[in-house]
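Notes for the one structure printed next.
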Amino acid sequence: MTSLPPPPPPPPQGGPAGSPGLAKGDTMIEAKAATKWFGDLVAVSDVSFRIGAGVTALLGPNGAGKSTMLRMLSGQARPSRGEIHIVGGDPRTDPDVRRRIGIVPQQEAVFEALTALEFVTLSARLSELDDPTSAAIKALEIVELDTGDKRRLPTYSKGMRQRVKIAQCIVHEPDVVLLDEPLTGLDPRQRLAMVELFHTLGNDGMCVLISSHVLEEVERFGSNVLVIAKGRLAAQGDFHAIRALMSDRPLRVLVKAESARALAAALVANEAVLGVRLEDSATISVEAADGGAFGLAIAALAQQVGATLIEVRPLDDDLESVFKYLVNR
Amino acid sequence: MRLTRPRPPIKELYRLLWRMQITRGRLIGLGVLGSITILIALLGRGADDVNDAALGAVAGYGLGVVAAISAVWVATSTLGNLVEDGLLVYLWTKPTDRWLIPIAALAASLSVLAMVVLVPVSIAAAVTEVDGLVTATIAAVTLSLAAYSSLFVALGLAFRRALWWGLAYILIWENVIARVGSGTARFSILSYGQSIIARAADTEPRTGLRSSAASWIVPIVVTVAGMVFATRRLDRAEID
């Protein structure tokens, strides 16, 4: 486990409208030292976190333990050790908890004998909705599929089948939505629409946990991440904040300024700065030991040498940099 | 706030699993297998011992081959295919009571098997013109199909390649080992069904004659036990 601080409290957003027992900022998913092994192979080791409403990306390379973690959260797999709580209950044994979970599994298979409407209606019926057909039509409309399509699911494209899976997941308006690689097979326009949908669900108070190994995808989900590497929780929280806490790795910053040479000279003398490189007459790249101290120093130094700052931009606080750092340690 | 729980979705589960079983290839294959029983029964009408020939056609081939093999083919795949394709997750993670899943699977299997086994084997019994054989055949085939189906639905949940395990049970245990002695025959579902038919035909099967009560009770006990095992298996299973 990283030396990063313990997980922050869940974001202070409202619980789903009408959801019994949920108040603003409540923890909706909780893992307590969750561990899962298969024989000698430890897939997930001692993972603890809490998540509230909003969108969180579960990030990690292939084989890191993301799917096993999601299977434990959905109740499909029993933790070998530790505990999983979804909206306060056990998803394996408590039907009331299962009623409040929606799942998009990773596997592509769907019921070949059914149409999209039949599949989603079945999901609604199994979730014990009073009017499953109306709910299914609404869910299919949300994912932009034709509710009157009489074709069976095998005739659908991969992207259409993926959207059907998402529709069956949200048809009963669950409190917790668990999605394993949900954008697989979607074209760019559909991806954008689905990302918007996930944000809408999160803003409506659902807890949306999305597993992915595609960093570009994850950045679109927002900045809140759970990073799993080699079966362990490497970090949790806003990835910009995580980057700021990586004190053992210098922060790289691009500074654009008039009189950049004079500013570079002043920066060399500053104790928060480890290295300075003058890229051109107006651009400096800086390695800072302490991002906070550097942030405080740069304006004062610029004023001191009479340099006008044009741009100050971190070069490596994007998700990819944070991710590479965390999984390669 | 909802005061009453809605009706359990057994009908929807049944329809789903039934539709997954109905494939053209399967219906044709099993239909041909069942129809051969009628042909054998017709040929047996010219035999010296009509009752013995009727027993061979209906209890030997109809029950021992058609019913057993059709049941293993259909019932192991009812839930077994869902497990192998990763589709069980769409049923298992729902709030629905899990015992409904094997019950629906059993009902779906029996519906298919009624078409491809019960109908042709009962027609074969009628063709023999042995008094009382049709009623006994309907009872024996129904009880045996229920027991086989329940056992093989559970097997489909418990093992990958359940079809091969089921076939091994049918071919090796029921058709070889169970014929060695009455002790092993007691653990053969086939022997109980054959006993019901043999009584009607006033003859005795190779696996020995079970008591009248046992012939009815044991298949029912196996059916219930299969469903209990399948439900417990589902409750404890880890689902992909």
Side-chain angles (χ1 to χ4, degrees), chain A residues 18 20 36 38 67-68 70-80 86 91-115 118-132 152-153 164-165 168-169 171-172 174 176 178 180, chain B residues 1-27 74 77-101 103-105 108 111-112 157 231-240:
Chain A
K36 182 69 183 175
F38 303 97
S67 290
T68 303
L70 275 186
R71 286 178 62 234
M72 285 197 285
L73 295 177
S74 65
Q76 291 168 255
R78 187 188 304 106
S80 306
I86 304 291
R92 272 188 73 80
T93 57
D94 189 342
D96 290 330
V97 171
R98 293 204 296 274
R99 192 173 289 113
R100 295 164 74 177
I101 301 176
I103 299 165
V104 173
Q106 190 174 18
Q107 53 265 30
E108 287 179 24
V110 286
F111 295 111
E112 296 192 350
L114 303 184
T115 65
E118 286 171 337
F119 181 24
V120 181
T121 305
L122 175 71
S123 181
R125 183 71 185 88
L126 295 176
S127 298
E128 302 179 338
L129 298 191
D130 292 328
D131 188 354
R152 290 185 177 183
L153 290 171
V164 175
K165 284 165 61 182
Q168 68 77 34
C169 164
V171 67
H172 55 298
V176 173
L178 305 170
D180 200 350
Chain B
M1 187 176 173
R2 180 185 286 159
L3 296 175
T4 56
R5 281 189 72 179
R7 172 180 63 78
I10 185 81
K11 192 172 83 180
E12 289 78 4
L13 286 170
Y14 163 77
R15 282 188 61 195
L16 169 73
L17 298 172
W18 183 81
R19 286 174 69 178
M20 291 180 74
Q21 290 301 316
I22 297 292
T23 62
R24 186 179 299 172
R26 175 173 288 173
L27 287 181
V74 171
S77 65
T78 312
L79 294 183
N81 283 0
L82 295 187
V83 173
E84 289 187 12
D85 294 342
L87 290 171
L88 190 59
V89 62
Y90 293 113
L91 311 181
W92 192 91
T93 53
K94 296 296 180 184
T96 310
D97 290 330
R98 293 197 178 122
W99 61 266
L100 291 171
I101 299 173
I103 291 289
S111 302
V112 176
L157 278 176
T231 302
R232 287 172 66 88
R233 182 85 191 170
L234 270 181
D235 271 335
R236 295 173 180 184
E238 302 217 339
I239 305 295
D240 286 328

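Letters A, B, ... mirror the listed sequences (proteins, then strands); counts begin at 1. Side chains included, hydrogens not; waters and symmetry mates left out as well; all remaining heavy atoms used.
- Residue contact with chain B, scored on non-hydrogen atoms closer than 4.5 Å, involves the backbone and the side chain of A:Arg78 alike.
- For a residue to count as touching a neighbouring chain, one of its non-hydrogen atoms must lie under 4.5 Å from one of that chain's; by this rule A:Leu122 touches chain B with the side chain only.
- Between B:Asp85 and A:Glu112 there is no side-chain heavy-atom pair separated by less than 4.5 Å.
- Put simply, CD on A:Gln168 and OG on A:Ser127 are 8.5 Å apart, with the number rounded to the nearest 0.5 Å.
- For the options A:Ile103, A:Leu114, A:Asp94, A:Thr121, heavy-atom pairs under 4.5 Å to chain B are most numerous at A:Leu114.
- For the atom pair B:Leu88 CG and A:Gln107 CD, the distance stands at 10.0 Å (nearest 0.5 Å).
- Interface remark: of the candidates A:Ser123, A:Pro91, A:Ser67, A:Ser123 forms the most heavy-atom pairs closer than 4.5 Å to chain B.
- By the side-chain contact (heavy atoms from CB on, under 4.5 Å) test, B:Ile22 is found to be paired with B:Trp18, B:Leu27, B:Val112, B:Met115, residues two or more places apart in sequence or in another chain being considered.
- B:Ile101 contributes atom CD1, which lies 8.5 Å from atom CG of B:Leu17 (distance to the nearest 0.5 angstrom).
- Distance CD1/B:Ile10 to CZ/B:Arg15: 13.5 Å, rounded to 0.5 Å.
- Every residue two or more places apart in sequence or in another chain that forms a salt bridge (Lys or Arg N to Asp or Glu O under 4.0 Å) with A:Arg125 is listed here: B:Glu12.
- For a heavy-atom cut-off of 4.5 Å, chain A lies close to B:Asp235, B:Arg236, B:Ala237, B:Glu238, B:Ile239, B:Asp240 in residues 233-240 of chain B.
- Scanning for side-chain contact (heavy atoms from CB on, under 4.5 Å) contacts around A:Thr68 gives A:Lys36, A:Phe38, A:Ala43, A:Val44, with sequence neighbours left out.
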